[in-house]
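Every number for a ligand or one of its atoms is a count from 1 in the order of the listing. All values below were derived from every heavy atom in this structure, side-chain atoms included, with hydrogens, water molecules and symmetry-related copies excluded.
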Amino acid sequence: MIKVGVLGARGRMGAEVCRAVRDADGMELAAAVDQGDGLDALTAAEVVVDFTHPGVVMDNLQWCVKHGIHAVVGTTGFDAARLDSVRSWLEEGTGNVLIAPNFGIGAVLMMQFARKAAPFFESVEVVETHHPNKADAPSGTARRTAELIAAARAEAGAAPFPDATSTALDGARGADVEGVRVHAVRMSGAVAHQEVILGGHGELFTLRHDSMNRESFMPGVVLAVREVAGLPDRLTIGIESLLGL
Ligand SMILES: NC(=O)C1=CN([C@@H]2O[C@H](COP(=O)(O)OP(=O)(O)OC[C@H]3O[C@@H](n4cnc5c(N)ncnc54)[C@H](O)[C@@H]3O)[C@@H](O)[C@H]2O)C=CC1
Ligand SMILES: O=C(O)C1=N[C@H](C(=O)O)C[C@H](O)C1
């Protein structure tokens, strides 16, 4: 039995994770913790799953590493500086950390397809749409997609994107993530959606993924909980390697 603790247990994702852990073979919900509860109950867990808020996730993660508890993190807001901090904590503590901007299998495939396709087109932009309660923009998934696109294009020696814009209102061309334009829409009725639009000579190629509900993330979360203890690296980003991608 893997003993699992959930941080952010009363939130949209955390509540779904508690359900998934209770339903999963070989797992037991050892602790369900939310804001104001204190972290001590999590010492009963071998793996902690964090779906909280970008403003608190670093403290949570540092606590897990210090206590030698494996961590599966879905909370967004990670940049290179934050990842460097996590790596430095891991030099001291025991336990592994897996941070994934998206646990949806289709979303992971979309990111990989975008990476593969990016060098073949002159233009690539990312448009994400989320529910209006989301704290961060652009989404972690969109940032990661843009980083993968930028890296693939740099490796292939692709030319800069054509863009003649010389006058624009602030934000009209979206955020610049390593040179890739990322547009964030916040929309009632939406859950989590993303399009990667690629344009070339007389053709447009659109990759689209839709998360219709939060249950859709659970197979990826459960897989990560099962695998995190045995991962070859102390810090793993994304679940693509767990899927053999
Ligand atoms: N990686 C993925 O596949 C996915 C990631 N997310 C990310 O997960 C995070 C949470 O999203 P939601 O569940 O929609 O948010 P939410 O706001 O519904 O839930 C967050 C929960 O964390 C709790 N919380 C806040 N501070 C805390 C603390 N210090 N200790 C313990 N609990 C604390 C809140 O009280 C709340 O219950 C966001 O960063 C979101 O982008 C969301 C969906 C999928
Ligand atoms: O906040 C959300 O809802 C989601 N957050 C993650 C992100 O920022 O990419 C994953 C998914 O898009 C849902």
Side-chain angles (χ1 to χ4, degrees), residues 5-20 31-42 45 48-64 69 71-79 82 97-111 114 126-148 175 177 182-196 207-225 228 236-240 242-243:
V6 177
L7 259 169
R10 291 195 288 273
R12 286 177 287 267
M13 283 296 289
E16 199 65 54
V17 174
C18 289
R19 263 191 293 279
V33 170
D34 205 278
Q35 195 162 22
D37 291 343
L39 302 181
D40 284 350
L42 296 172
V48 163
V49 181
D50 186 303
F51 281 97
T52 55
H53 188 281
V56 301
V57 65
M58 290 299 278
D59 286 347
N60 292 342
L61 196 40
Q62 190 170 23
W63 186 93
C64 290
I69 301 172
V72 169
V73 181
T75 307
T76 46
F78 282 87
D79 55 14
R82 282 186 166 210
V97 173
L98 183 151
I99 302 171
N102 202 310
F103 286 95
I105 308 297
V108 175
L109 287 165
M110 171 190 58
M111 287 189 263
V126 179
V127 186
E128 56 97 330
T129 302
H130 279 81
H131 58 93
N133 297 312
K134 185 165 176 55
D136 54 323
S139 71
T141 307
R143 280 170 77 149
R144 176 82 176 139
T145 307
E147 288 163 6
L148 291 170
V177 180
V182 179
H183 310 267
V185 178
R186 294 293 170 265
M187 189 65 55
S188 285
V191 178
H193 316 265
Q194 181 167 294
E195 285 191 354
V196 181
L207 293 165
R208 182 177 175 98
H209 178 261
D210 297 277
S211 300
M212 313 305 287
N213 55 42
R214 292 178 178 82
E215 214 183 322
S216 65
F217 301 108
M218 293 307 118
V221 173
V222 168
L223 175 68
V225 169
V228 64
T236 301
I237 309 299
I239 60 164
E240 45 270 32
L242 284 64
L243 297 169

Show which atoms of ligand 1 fall inside a sub-4.0 Å distance from at least one heavy-atom site of Met13.
13 (O), 42 (C), 43 (C), 44 (C)
Pull out every atom of ligand 1 sitting under 4.0 Å from any heavy atom of Phe103, numbered as shown with elements.
1 (N), 2 (C), 3 (O)
Hey, does [X] come in under 3.5 Å of ligand 1, counting only N/O atoms on both sides?
X      : result
Gly74  : yes
His131 : no
Phe217 : no

I need the contact type for [X] against ligand 2. Using non-hydrogen atoms and a strict under-4.0 Å cut-off, is it side chain, backbone, both or neither?
X      : value
His131 : side chain
Ser139 : both
Asn102 : side chain

Between Lys134 and Glu128, is there a salt bridge with N-O shorter than 4.0 Å?
no
For Arg10 and ligand 1, answer yes if some heavy atom of the residue is under 4.0 Å from a ligand atom, otherwise no.
yes
Non-hydrogen atoms of Gly140 versus ligand 1: any pair closer than 4.0 Å?
no
For atom 12 (O) of ligand 2, what is the closest protein heavy atom, and at what distance to 0.1 Å?
His130 NE2, 2.6 Å
Which protein non-hydrogen atom lies closest to atom 6 (C) of ligand 2, naming both residue and atom, and how far is it?
Pro101 O, 3.6 Å
Backbone or side-chain N or O of Val191 under 3.5 Å from ligand 2 N or O
no
